[in-house]
Amino acid sequence: MLTKKEIRFCLDEMGKMFPNAHCELVHQNPFELLIAVVLSAQTTDASVNKVTKTLFQKYKTPEDYIQASLTDLEQDIRTIGLYRTKAKNIQKLCQKLLDEYDGQVPQDLKQLMELPGVGRKTANVVRSVAFGIPALAVDTHVERVSKRLGFCRWKDTVLEVEKTLMKKIPMEEWSIAHHRMIFFGRYHCKAQNPNCLNCPLQSVCREGKKRMKGLKVK
DNA sequence: AACTCGGGGCA
DNA sequence: TGCCCAGAGTT
């Protein structure tokens, strides 16, 4: 695994590559962010942003989502993947917010993860972006980049990746580190094409060094 | 740990 | 038309 100093170097270089790395999900409040992130599971942020623009004009509160018919809500989000499941989850989620949290979005990780359609990644994004709570959301980009570079071990589970990153990265940098890894993974260190030949992290990257020797990168 | 759910974007 | 993208929930 890379040292803290090497990881810092990597994150700094990512910052130079993507100076505008930021959260692309538009949101005005925790509730809207929660809905947006639930919708974004297994789909691109761009697709979700198309839907939420009109969605948030039509639905303002948890009550609004519950009072709508399921088929109406499905139609309103039909252009994103898994829209039937997500429509159902959102109605159940809103009911739960009303029943248990007075219509407010909870900040507690376990309470968030008990909401339908909310897993660890979504919960951590909501905590970090909506509430400013230090949290590290591990999605496929963060996981892949962390494993390739050597921020963590290859065999680590998602949870182990999260724990390791939290240990190796200063808490006040979790948020920016998250966004830099997302951008680096999405636009440079892609799943199918790591682009090692043109990578400023080559000197420290585990997989990059292998690739330079002619070995195939995972 | 493996499998399932499902659209859009792109070649 | 077929491949790629990208989490939660269940068994």
Side-chain angles (χ1 to χ4, degrees), chain A residues 18 21-27 30-55 65 70-97 105-106 108-130 135-148 152-165 174-175 177-195 216-218:
Chain A
F18 304 101
H22 63 285
C23 182
E24 289 179 340
L25 292 170
V26 288
H27 62 283
F31 178 62
E32 286 190 355
L33 179 77
L34 175 61
I35 299 295
V37 182
V38 167
L39 290 176
S40 75
Q42 290 294 99
T43 60
T44 61
D45 288 355
S47 300
V48 174
N49 284 339
K50 277 187 204 162
V51 169
T52 52
K53 194 172 179 185
T54 50
L55 193 72
Y65 287 97
L70 182 57
T71 47
D72 276 357
L73 185 54
E74 284 177 352
Q75 293 313 305
D76 291 332
I77 62 171
R78 68 147 59 237
T79 55
I80 66 173
L82 309 172
Y83 66 92
R84 293 184 195 88
T85 310
K86 287 171 183 175
K88 284 194 199 84
N89 279 341
I90 284 173
Q91 286 196 324
K92 282 194 271 181
L93 178 155
C94 287
Q95 189 64 58
K96 192 156 182 154
L97 289 185
V105 179
D108 180 74
L109 179 64
K110 282 198 174 65
Q111 290 179 337
L112 280 166
M113 288 178 64
E114 283 167 6
L115 299 171
V118 179
R120 194 173 187 88
K121 183 256 179 179
T122 298
N124 275 328
V125 170
V126 170
R127 281 158 60 78
S128 171
V129 178
L136 242 166
V138 179
D139 67 357
T140 56
H141 294 304
V142 174
E143 182 177 358
R144 183 180 67 252
V145 165
S146 296
K147 289 184 175 180
R148 277 184 179 161
C152 63
R153 298 178 182 83
W154 263 113
K155 305 207 75 173
D156 281 351
T157 63
V158 177
L159 197 61
E160 288 168 337
V161 175
E162 183 186 322
K163 298 293 175 205
T164 304
L165 292 179
W174 289 352
S175 176
H178 166 79
H179 288 119
R180 284 177 180 172
M181 283 189 273
I182 298 264
F183 272 68
F184 180 67
R186 184 184 299 161
Y187 299 115
H188 185 96
C189 193
K190 300 178 191 177
Q192 314 299 333
N193 176 18
N195 198 5
K216 189 161 188 181
V217 175
K218 289 185 211 173

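A note on names: the letters A, B, ... follow the listed sequences, proteins ahead of strands, and every chain is numbered from 1.
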Are any non-hydrogen side-chain atoms of [X] and [Y] less than 4.5 angstrom apart?
{"X": "L55(A)", "Y": "Y65(A)", "result": "yes"}
{"X": "E32(A)", "Y": "T52(A)", "result": "no"}
{"X": "T43(A)", "Y": "L82(A)", "result": "no"}

Short side-chain N/O contact from T43(A) to OP1 or OP2 of dC5(C), under 4.0 Å: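 Looking at the OP1 and OP2 atoms of dC5(C), neither is under 4.0 Å from any side-chain N or O of T43(A).
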
Any T140(A) side-chain N or O less than 4.0 Å from OP1/OP2 of dG7(C):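 Checking dG7(C) against T140(A), a side-chain N or O does come within under 4.0 Å of OP1 or OP2.
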
Rounded distance [0.5 Å steps], [atom1] in [X] versus [atom2] in [Y]:
{"X": "L33(A)", "Y": "S128(A)", "atom1": "CG", "atom2": "OG", "value": "9.5 Å"}
{"X": "I77(A)", "Y": "S47(A)", "atom1": "CD1", "atom2": "OG", "value": "12.5 Å"}
{"X": "I80(A)", "Y": "K86(A)", "atom1": "CD1", "atom2": "NZ", "value": "4.5 Å"}

Any pair counted as side chain to side chain donor-acceptor pair (under 3.5 Å), so long as it reaches residues 75-84 of chain A, sequence neighbours left out: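 Only K58(A)-D76(A), Y59(A)-D76(A), Q75(A)-R78(A) qualify under side chain to side chain donor-acceptor pair (under 3.5 Å).
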
DNA chain B contacts among residues 76-85 of chain A, heavy-atom distance under 4.0 Å: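 Within this stretch, R78(A), T79(A), I80(A), G81(A), L82(A), Y83(A), R84(A), T85(A) sit under 4.0 Å of the strand.
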
Atom-pair distance ([atom1] on [X]; [atom2] on [N]), nearest Å:
{"X": "L159(A)", "N": "dG7(C)", "atom1": "CG", "atom2": "P", "value": "17 Å"}
{"X": "L34(A)", "N": "dA8(C)", "atom1": "CG", "atom2": "C1'", "value": "14 Å"}
{"X": "L93(A)", "N": "dG7(C)", "atom1": "CG", "atom2": "P", "value": "18 Å"}
{"X": "K88(A)", "N": "dA8(C)", "atom1": "NZ", "atom2": "P", "value": "18 Å"}
{"X": "R120(A)", "N": "dA8(C)", "atom1": "CZ", "atom2": "P", "value": "11 Å"}
{"X": "K121(A)", "N": "dA8(C)", "atom1": "NZ", "atom2": "C1'", "value": "11 Å"}
{"X": "Q192(A)", "N": "dC4(C)", "atom1": "CD", "atom2": "P", "value": "6 Å"}
{"X": "E143(A)", "N": "dG7(C)", "atom1": "CD", "atom2": "C1'", "value": "11 Å"}

Partners meeting side chain to side chain donor-acceptor pair (under 3.5 Å) with T164(A) (sequence neighbours left out):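 If we apply the side chain to side chain donor-acceptor pair (under 3.5 Å) test to T164(A), skipping adjacent residues, there are no hits.
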
Side chain to side chain donor-acceptor pair (under 3.5 Å) involving Q111(A) - partner list, sequence neighbours excluded: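 With neighbours one apart ignored, the set is empty.
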
How far, in whole Å, is [M] from [N] if one measures between their [atom1] atoms?
{"N": "dG6(B)", "M": "dT11(C)", "atom1": "P", "answer": "16 Å"}
{"N": "dA6(C)", "M": "dA11(B)", "atom1": "P", "answer": "16 Å"}
{"N": "dG7(C)", "M": "dC10(B)", "atom1": "C1'", "answer": "22 Å"}

Looking at every strand, decide which applies to [X] at a 4.0 Å heavy-atom threshold: base, sugar-phosphate, or nothing.
{"X": "K50(A)", "answer": "sugar-phosphate"}
{"X": "N89(A)", "answer": "nothing"}
{"X": "T44(A)", "answer": "nothing"}
{"X": "V118(A)", "answer": "sugar-phosphate"}

L97(A) versus V105(A), closest heavy-atom pair with distance: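 Minimum heavy-atom contact is CD2-CA, 4.3 Å.
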
5' priority, DNA chain C, between G119(A) and K190(A) [closest heavy atom]: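 Result: K190(A).
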
Electrostatic pair K147(A)-E143(A), nearest N-O below 4.0 angstrom: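 So K147(A) pairs with E143(A) through a salt bridge.
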
Interface residues of residues 108-117 of chain A with DNA chain C (non-hydrogen, below 4.0 angstrom):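 Those residues whose heavy atoms fall under 4.0 Å from DNA chain C, taken from residues 108-117 of chain A in numerical order, are L115(A), P116(A), G117(A).
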
From CA spacing to verdict: side chain to side chain contact (heavy atoms under 4.5 Å, CB included), Y187(A), N195(A): CA-CA 10 Å; Y187(A) 299 115; N195(A) 198 5; over 6 Å; no

Contact boundaries on DNA chain B for chain A, cut-off under 4.0 Å to non-hydrogen atoms: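 It runs dC5(B) to dG9(B).
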
Given DNA chain B, 5'-ward residue of the pair T157(A) and S47(A), judged by closest heavy atom: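 That would be T157(A).
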
Side-chain donor or acceptor of R120(A) paired with backbone N/O of L159(A) under 3.5 Å: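 Not a single qualifying donor-acceptor pair exists.
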
A41(A) side chain, from C-beta outward: closest of dC5(C), dG7(C), dA6(C):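 The nucleotide sitting nearest to the side chain is dG7(C).
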
